[in-house]
**Q** 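Attaching a single structure in structure tokens format; questions to follow.
Just follow the structure's listing: the first ligand is 1, and inside any ligand the first atom is 1.
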Amino acid sequence: MKKIAICLASVLLAGAALSFSGCGEDKKLWQHYKDYFKIGCTMNYGTQDIFDDIAGEFNSMTCENEMKWVALQPNEGQYNYTSADNMVSFAKEHGMSVRGHCLAWHNPLALPGWVFSVEGEDGKPAVASYDKVKERLVTHATEVVTHFGDDIYAWDVWNEVITDNYTEDDTDLYRLDSQWHTVAGLSGALSPDERNAVNDKIEDLFIATFDAARKANPDAKLFYNDYFANNQFKAQKLLTVLDRLLEKGCEIDGVGIQAHYDITSFDWEMLENLIVQISARGLEVQITEIDFSMYDYNGDIALYYHEFTEDMAQLQASCFGKAFEIFRKHKDKITCVTQWGVADDDSYLHKIPVAGRQDWPYLFDEYHAKKPAYYAVIDF
Ligand code: GLA
């Protein structure tokens, strides 16, 4: 694994020179990248207005939560588009196109319980069948993609289906903690042959959703989205899944690499390799959720920093700088790079994985000033 070399002096000098001379100050971030790819950010309903001053830096926007299943269809057949529509209008007013995120995700925070439940013969709730769940999935995808129509240029159709298991068994592809997979018959007790048969049923669910989205909006690009940070096994499993889906004629256009990283363990070689491997399959790449936290996500949850030090700022700048250097090198493969947030005053990382822990993951600080990372990203 080749991790990033910390080159404090060069980033510091580059940042200082750019701020001092004012060079690049007038151009927005997306303008620096107009010959490369779109530059996106994520926003939330209710807090988008606090970013009025810097929204113009971006030309793509993703709603953090407002287009997830539980927000759009909290009860069967009861669609609620108020917040999402409001955010689409905000994006348009600020010159941003909109990415749709996401039609299907197993996470209970995003998925209402009714999807897997029916009324039993005795009038009590019973577990819904695979066919019923599939029908609901197709209905949701059709309804939602139709509603937003041309306002959305790309959809994350499925989010995070691949297992985090470190095994080399290439039938062990899909996560066990997903009700979508359980309803298709997946369990930890299956033999590889049994698992293969279940994998086909799981993939039928994916393919049906991609089909529905394609029919509802033939112009939107359709993505599979997942995190792969520093997990070589997961990256390998992705390639196996893509090969299986493509062989079955799945209407997939590309892969979203979330890219939630931290400043201590950025494996840029793996990231670059993944971009190349996805593209070799004829698929587009988008970086959908990039940030560089100060903390290792699965590390010591007792760790708490009280301030964003100069060393952190420079290390983060070198990480962002290296990542964008790779993205520029592969501009023929990448169509959008989205930061998962806007500025350090509002971030999911202040809540997850440790509630109330301060983090500084973005290009703009809590006062919306450009950080050294910003200058590293435009230094080319
Ligand atoms: C994943 C999801 C996002 C978001 C983040 C945490 O990356 O794709 O929608 O929920 O987790 O905020």
**Q** Under a 4.0 Å N-O cut-off, is there an ion pair linking Lys237 with Asp170?
**A**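 Salt bridge absent between Lys237 and Asp170.
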**Q** Distance under 4.0 Å to a non-hydrogen atom of Lys68: what atoms of ligand 1 satisfy this?
**A**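 Answer, ordered by atom number: 3 (C), 4 (C), 9 (O), 10 (O).
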**Q** For ligand 1, find out whether one of its N or O atoms is nearer than 3.5 Å to an N or O atom of His101.
**A** yes
**Q** Within the distance-only criterion (no hydrogens, no angle test), does the side chain of Asp156 pair as donor or acceptor with the backbone N or O of Trp158 below 3.5 angstrom?
**A** no
**Q** Number the atoms of ligand 1 from 1 as they appear, then name those within less than 4.0 Å of a heavy atom of Trp105, with their elements.
**A** 2 (C), 10 (O)
**Q** Tell me which protein heavy atom sits closest to atom 6 (C) of ligand 1, plus the residue, atom name and distance to 0.1 Å.
**A**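 Heavy-atom neighbour on the protein nearest atom 6 (C) of ligand 1: Tyr348 CD1, 3.5 Å.
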**Q** Just say parallel, tilted or perpendicular for the rings of Tyr261 and Phe292, cut-offs at 30° and 60°.
**A**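 It falls in the parallel class, under 30°.
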**Q** Any donor-acceptor pair under 3.5 Å linking the side chain of Asp359 with the backbone of His350?
**A**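 Absent.
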**Q** Below 4.0 Å, non-hydrogen atoms only: which portion of Tyr227 touches ligand 1? Side chain, backbone, both or neither.
**A** neither
**Q** Please confirm whether Lys234 makes a cation-pi placement over Tyr227, using NZ or CZ under 6.0 Å from the six-membered ring centre and within 45° of the ring normal.
**A**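 Yes, a cation-pi geometry.
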**Q** Name the closest protein heavy atom to atom 5 (C) of ligand 1, giving the residue it belongs to and the distance to 0.1 Å.
**A**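 Here the closest protein heavy atom is Trp340 NE1, 3.9 Å.
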**Q** Run the numbers for me: atoms of ligand 1, each under 4.0 Å from some heavy atom of Asn159, listed by number.
**A**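 Reading through ligand 1 atom by atom, the close ones are 2 (C), 8 (O).
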**Q** Restricting to pairs with a member in residues 186-208, which pass salt bridge (Lys or Arg N to Asp or Glu O under 4.0 Å), not counting sequence neighbours?
**A** Asp169-Arg195, Asp200-Arg244, Asp200-Lys248, Glu203-Arg244, Glu203-Lys248
**Q** Going by the order shown, which atoms of ligand 1 are within less than 4.0 Å of some heavy atom of Gln258?
**A**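 Atoms satisfying the 4.0 Å criterion: 7 (O), 8 (O).
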**Q** Using a heavy-atom cut-off of under 4.0 Å, does the side chain or the backbone of Asp156 touch ligand 1, or both, or neither?
**A** neither
**Q** Using the test salt bridge (charged side-chain N to carboxylate O under 4.0 Å, His left out), find all partners of Arg214 that sit at least two apart in sequence or belong to another chain.
**A**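 Checked Arg214 against salt bridge (charged side-chain N to carboxylate O under 4.0 Å, His left out); matches are Glu251, Asp253.
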**Q** Nearest protein heavy atom to atom 7 (O) of ligand 1, by residue and atom, and its distance?
**A**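 I find the closest protein heavy atom is Glu289 OE1, 2.4 Å.
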**Q** Tell me whether the NZ or CZ atom of Lys38 lies within the 45° cone about the ring axis of Tyr153 and under 6.0 Å from its centre.
**A**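 Ring-cation test returns yes.
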**Q** At a 4.0 Å threshold, what atoms of ligand 1 neighbour a non-hydrogen atom of His260?
**A**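 In order of numbering, the contacting atoms are 7 (O).
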